[in-house]
Structure formats: C-alpha cells, structure tokens
Amino acid sequence: MAVTLTGPVRTDHRRPAGLVRSGLAREGRDWPTDILEAYGRSVGPYTIDNAEMILDGEAVELYNGWLVWQEMTDFFERTVAGNIQAMLDLSARKAGFGAGLPDQMECLLSNGDVIKPDIALISWKRAATAQPTGPSQRLILHGCPELVVETRSPSNRRAQERRKRELYFNNRAEVVWDVDMRGKRIYVYRAQSPLQPEVYEVGDVIGVEPFLPGWQRRVADIFSAQASAESVAGEVAAAWIAEGRVETLRSLLPTLARYRFGAELAPAVLARLHACAEAQLLHLQTRIESAATLDEWIAAIPR
C-alpha cells in the first residue's frame, strides 16, 4: 500500500493563547511564517527571557527576535524521524558516546536565536555543558549538538534550509543531515564543506563518522515504515548476541575441562578465561579435545 509522504501544513499563524496571556502579543503584528521571513524583518521583540513560556510549551523557534512555528509533520515523517532517533540513540548509549534525542530540545545560539533540531546526536560531554537559562532557569544547551538531523517537508524552501544549516555550523554543529522525505534521500553536510553534501539514496549505506565508528545503516531501513528491531539496533544487536555467545562459552569451558580432565579450574585460570575474546574462547573449546593434559590446555589460555 502506498504511503502518503506529504503532511499537514500549519496555515494558522495566530499567536497561541499562552503568548497572549503572557502579555507579549502586539496588536497588528503577525508571526513570520518561516526563517527567511523572520530575517527579512527588522529585529523582533522576543527573547528567550520574555518568551520562555512559549518556547517551552509550543512547537516554535526564535529567529531574529521573532517566534516562528515549526511545521507539523505527518505519520510517515514521524516514523522516519523515530527510526533515525532510535538507531542513533541505541548505538550512542552502547558506545558510551552520548544519546540520540528527539525534537523539542532547545539550543540557544550565540545570536540569541532558539532552534529545536528534529533529531540530535549529542555526546555526554557536550550535554553536560547545558546551563540554567531564562527566568525559570531551565537547562538549555548553549550551542548545538555534534550531529543535527532536519527532516525536510515538501513545503520547505532550499534557501530556508541553507540558512538553518548556517546557524547550526556557526554554533558548533559538526554534521547536519538534511532528510528529504519525498525523494527518500539523505544529504550529509559537514562543517568543513558546508556547501558540498554527500548524497545517500535508498540503495546506499550511511554512517555517522567520526562520532560512532562502525555505525552503519541501510538508507532503505531508515525510510521503512515497518523497520525491524534488527535493522534499527544494527551493530548493537550483533554485539548483544556476541556477548551472549561469549558468556555462554566462558561458563561452558570450565565444565568441559572438568569432564575431560577430571579437575576443577583454579580461580587464577578462571580469571584468564574471563579476559578472553570470543575467537580465543572458540580456540580453547577446540583445544580441549586435542590437549593431552589439563596443564597443556591451560598453557593455551592467553595471559
């Protein structure tokens, strides 16, 4: 069954009730409809200090002193975003790098703008730099995560996307993914070459170097509405399976040695087994059958 890629577009740009209650609304002045319109105006009246309640509770961002709605996404777009966030988060946590975060994480930029990436890969080190900010002293990241993912809706303008990437790169982002939902492509921009993206299509495999070496996912799985747990977890699932095999071998080898040689292994020998990798354990399993004595077999255990 075909999946509709276009989503609902917010056409009502009226100020939400919370903004009116906060006393920030100005009669006769509408919100801009996008980033380019916000930067096409003179500096607006809003800051993180006087619009904190709205930024915290509404799907809006702050550009050039103006509040701008984040465009609503449809079910398919949220599914793809969920795939990416889960893929990044599982691997980042398993590697001890950090976390993959969903949308609505606020980033305070050096020019006073507040931007909310659709998805972010952030290291624990950078996450720890979040600072209490605004009247209620909420924790907010000053600057951007290392990797930012923006999911492009059909109505987005290329100039708007370029402007947003400039803001990210000017505030410490190192890599930006521009995910084209309609074309099922991912454009990867890097800070050192911000105008020359790498393009990944459905038949390709994509990585997130240098943050998670070994992380690779099929682009087709990212855009799959029914991505399997194995395709989402990727190398994390493989590592967990391998860890299960290793633990099984470590518990099995002392039993095999006892049956083969009629003796228990000393604690020091068990400690050496615990330090062995899977390939070494498999070799020792084979050696149990060929070793003439227990001492001969123990001598094969790496020190």
Side-chain angles (χ1 to χ4, degrees), residues 3-7 9 34-36 39 61 63 68 70-89 91-92 98 100-103 105 107 109 113 115-123 143-225 227 231-232 234:
V3 179
T4 301
L5 303 187
T6 56
V9 177
D34 60 27
I35 303 172
L36 298 180
Y39 275 103
E61 297 175 310
Y63 296 102
V68 178
Q70 289 183 296
E71 188 171 357
M72 296 175 66
T73 55
D74 67 12
F75 179 78
F76 175 71
E77 291 166 349
R78 298 314 307 156
T79 298
V80 173
N83 287 347
I84 296 172
Q85 191 259 330
M87 289 174 176
L88 292 174
D89 190 50
S91 297
L101 302 179
D103 62 355
M105 181 194 73
C107 299
L109 309 187
D113 288 358
I115 197 167
K116 300 177 181 180
D118 291 334
I119 305 140
L121 174 64
I122 187 169
S123 66
C144 294
E146 285 90 342
L147 185 147
V148 168
V149 180
E150 286 290 328
T151 55
R152 184 200 307 176
S153 298
S155 63
N156 287 154
R157 288 185 279 171
R158 299 295 289 170
Q160 178 176 332
E161 294 155 9
R162 286 196 298 271
R163 188 71 182 91
K164 206 167 190 179
R165 285 196 300 273
E166 288 175 9
L167 293 172
Y168 282 130
F169 286 136
N170 288 340
N171 287 271
R172 300 174 60 213
E174 299 174 39
V175 178
V176 175
W177 281 17
D178 175 10
V179 181
D180 178 0
M181 295 291 187
R182 186 185 292 275
K184 294 190 177 181
R185 297 183 186 89
I186 300 176
Y187 298 83
V188 177
Y189 295 84
R190 301 184 185 276
Q192 58 268 38
S193 53
L195 300 179
Q196 298 175 328
E198 305 159 14
V199 183
Y200 294 86
E201 302 192 351
V202 169
D204 297 329
V205 173
I206 193 169
V208 288
E209 295 82 2
F211 313 115
L212 301 175
W215 187 99
Q216 288 190 324
R217 295 296 187 278
R218 296 192 318 142
V219 174
D221 290 332
I222 289 175
F223 286 103
S224 172
S231 65
V232 170

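- Under the 3.5 Å distance criterion, the side-chain polar atoms of Glu61 are matched with a main-chain donor or acceptor of Lys116.
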Working note: Arg217 + Asp204, criterion salt bridge (Lys or Arg N to Asp or Glu O under 4.0 Å); need CA distance, chi angles, decisive distance, verdict. CA-CA 9 Å; Arg217 295 296 187 278; Asp204 297 329; over 6 Å; no
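- Of the inter-residue distances, the one linking Ile122 atom CD1 with Leu101 atom CG reads 6.5 Å to the nearest 0.5 angstrom.
- With salt bridges taken as basic N to acidic carboxylate O contacts below 4.0 Å, none links Lys184 and Glu201.
- For the residue pair Ser123/Glu146, the side-chain donor-acceptor check at 3.5 Å is satisfied.
- In this structure, the side chains of Asp180 and Ile186 stay at 4.5 Å or more apart for every pair of heavy atoms.
- How far CG of Leu147 is from CG of Leu88: 6.5 Å, rounded to the nearest 0.5 Å.
- Here the side chain of Ser91 pairs a donor or acceptor atom with the backbone of Met87 at under 3.5 angstrom.
- Rounded to the nearest 0.5 Å, atoms CZ (Arg152) and OG1 (Thr73) are 15.5 Å apart.
- A 4.5 Å side-chain heavy-atom check between Val219 and Val205 finds every atom pair outside the cut-off.
- With values rounded to the nearest 0.5 angstrom, Ile115 atom CD1 is found 5.5 Å from Leu167 atom CG.
- Between the side chain of Ser224 and the backbone N or O of Ala220, no donor-acceptor pair lies under 3.5 Å.
- When all heavy atoms of Met105 and Pro145 are compared, the closest pair comes out as CE-CG, 3.3 Å.
- Taken from OH in Tyr63 to CD1 in Ile35, the straight-line distance is 4.0 Å, to the nearest 0.5 Å.
- A side chain to side chain donor-acceptor pair (under 3.5 Å) with Arg190 holds for exactly one of Glu209, Gln196, Glu198; it is Glu198.
- The side-chain heavy atoms of Pro117 and Val176, taken from C-beta on, include no pair separated by under 4.5 Å.
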Using the rule given for side-chain contact (heavy atoms from CB on, under 4.5 Å), can you reason through Val175 versus Val188, listing the C-alpha separation, both sets of side-chain angles and the distance that settles it, and then say yes or no? CA-CA 7 Å; Val175 178; Val188 177; 3.8 Å; yes
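- In this structure, Trp177 and Val148 have side chains that are not in contact, with every pair of non-hydrogen atoms separated by 4.5 Å or more.
- Under the 4.5 Å side-chain criterion, counting only non-hydrogen atoms from C-beta, Val80 is not in contact with Thr151.
- Relative to the ring axis of Tyr39, Arg163 places its NZ or CZ within 45° and under 6.0 Å from the centre.
- No side-chain heavy atom of Val179 sits less than 4.5 Å from a side-chain heavy atom of Tyr187.
- In terms of heavy atoms, Glu174 sits closest to Phe169 at O-CE2, 3.7 Å.
- Side-chain contact between Arg158 and Glu161 is present, with at least one heavy-atom pair separated by less than 4.5 Å.
- Looking only at distances, a side-chain donor or acceptor of Asp89 sits under 3.5 Å from a matching main-chain atom of Gly100.
- Distance CG/Asp74 to CE/Met181: 8.0 Å, rounded to 0.5 Å.
- Looking at Asp118, Val232, Ile222 one by one, the single match for side-chain contact (heavy atoms from CB on, under 4.5 Å) with Ile84 turns out to be Ile222.
- No hydrogens or angles considered: nothing links the side chains of Glu166 and Tyr168 as a donor-acceptor pair under 3.5 Å.
- Proximity of Asn83 to Phe223: side-chain heavy atoms (C-beta onward) are nowhere separated by under 4.5 Å.
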